[in-house]
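Heads up: numbering here begins at 1 and tracks the sequence.
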Amino acid sequence: MPVPLENRAKDINHSELSAWLEAIGSRRDKVAFAHLFRFFAPKIKNFGRLQFKNEAEAMELVQETMTNVWRKAHLYQADKGAPT
């Protein structure tokens, strides 16, 4: 049985993140977006909690950020920088 993504977040590398971004940008791959969301959403939410001290605003930051990732994934170029 595969290990859930949440349990292997530390094992995910830049090439895997890049592959997901490229899949989102080229094919609008919803599964790749779900993986990317599960990887980044907790990090963004924690950052938002520190900045805003408000759960609702932290969640709004997650939604806005990930919406931008969905809309702009086609602009990502792996040779120009890390996916993070």
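A pairwise comparison of heavy atoms in Leu21 and Ala73 identifies O-CB, 3.8 Å as the closest pair. Of all the heavy atoms in Leu50 and Lys53, the pair that sits closest is O-NZ, 3.1 Å.
By the neighbour-count criterion of 12 heavy atoms within 6.0 Å, atom CZ of Phe52 is densely surrounded, having more than that number from other residues, nucleotides or ligands.
The ring pair (Phe, Tyr, Trp, His ring centres under 6.0 Å) check on Phe37 picks up nothing, with sequence neighbours excluded. In terms of the side-chain contact (heavy atoms from CB on, under 4.5 Å) criterion, residue partners of Ala56 (sequence neighbours excluded) are, by chain and number, Asn54. Partners of Lys72 according to the salt bridge (charged side-chain N to carboxylate O under 4.0 Å, His left out) rule, which considers only residues two or more places apart in sequence or in another chain, do not exist here. Not a single salt bridge (charged side-chain N to carboxylate O under 4.0 Å, His left out) links Glu57 to another residue, sequence neighbours left out.
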- Message: Let's go through Trp20 and Phe33 carefully: what are the C-alpha distance in whole Å and the side-chain angles of both, what is the deciding distance for side chain to side chain contact (heavy atoms under 4.5 Å, CB included) to 0.1 Å, and is it a yes or a no?
- Response: CA-CA 7 Å; Trp20 290 337; Phe33 183 75; over 6 Å; no
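Rounding to the nearest 0.5 Å places NE2 of His35 at 10.0 Å from CD1 of Ile24. In this structure, the separation between CG on Asn46 and CD on Gln51 is 12.0 Å, given to the nearest 0.5 Å.
The closest side-chain heavy-atom distance from Glu55 to Lys45 is below 4.5 Å.
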Considering only distance and modelled atom types, tabulate donor-acceptor pairs under 3.5 Å from the side chains of residues 74-84, sequence neighbours left out.
from	atom 1	to	atom 2	distance (Å)
His74	ND1	Arg71	O	3.2
Tyr76	OH	Ser18	OG	2.8
Tyr76	OH	Gly81	O	3.3

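Contacts classified as salt bridge (charged side-chain N to carboxylate O under 4.0 Å, His left out) and involving residues 22-34 (residues at least two apart or in different chains) are given here: Arg27-Asp29.
Connection of Met59 to Leu36 is not established within any shared hydrophobic cluster, with ILVMFWY side chains joined at heavy-atom distances below 4.5 Å, either directly or through further cluster members.
Geometrically, Lys43 engages Phe39 in a cation-pi contact, judged by NZ or CZ lying under 6.0 Å from the ring centre and within 45° of the ring axis.
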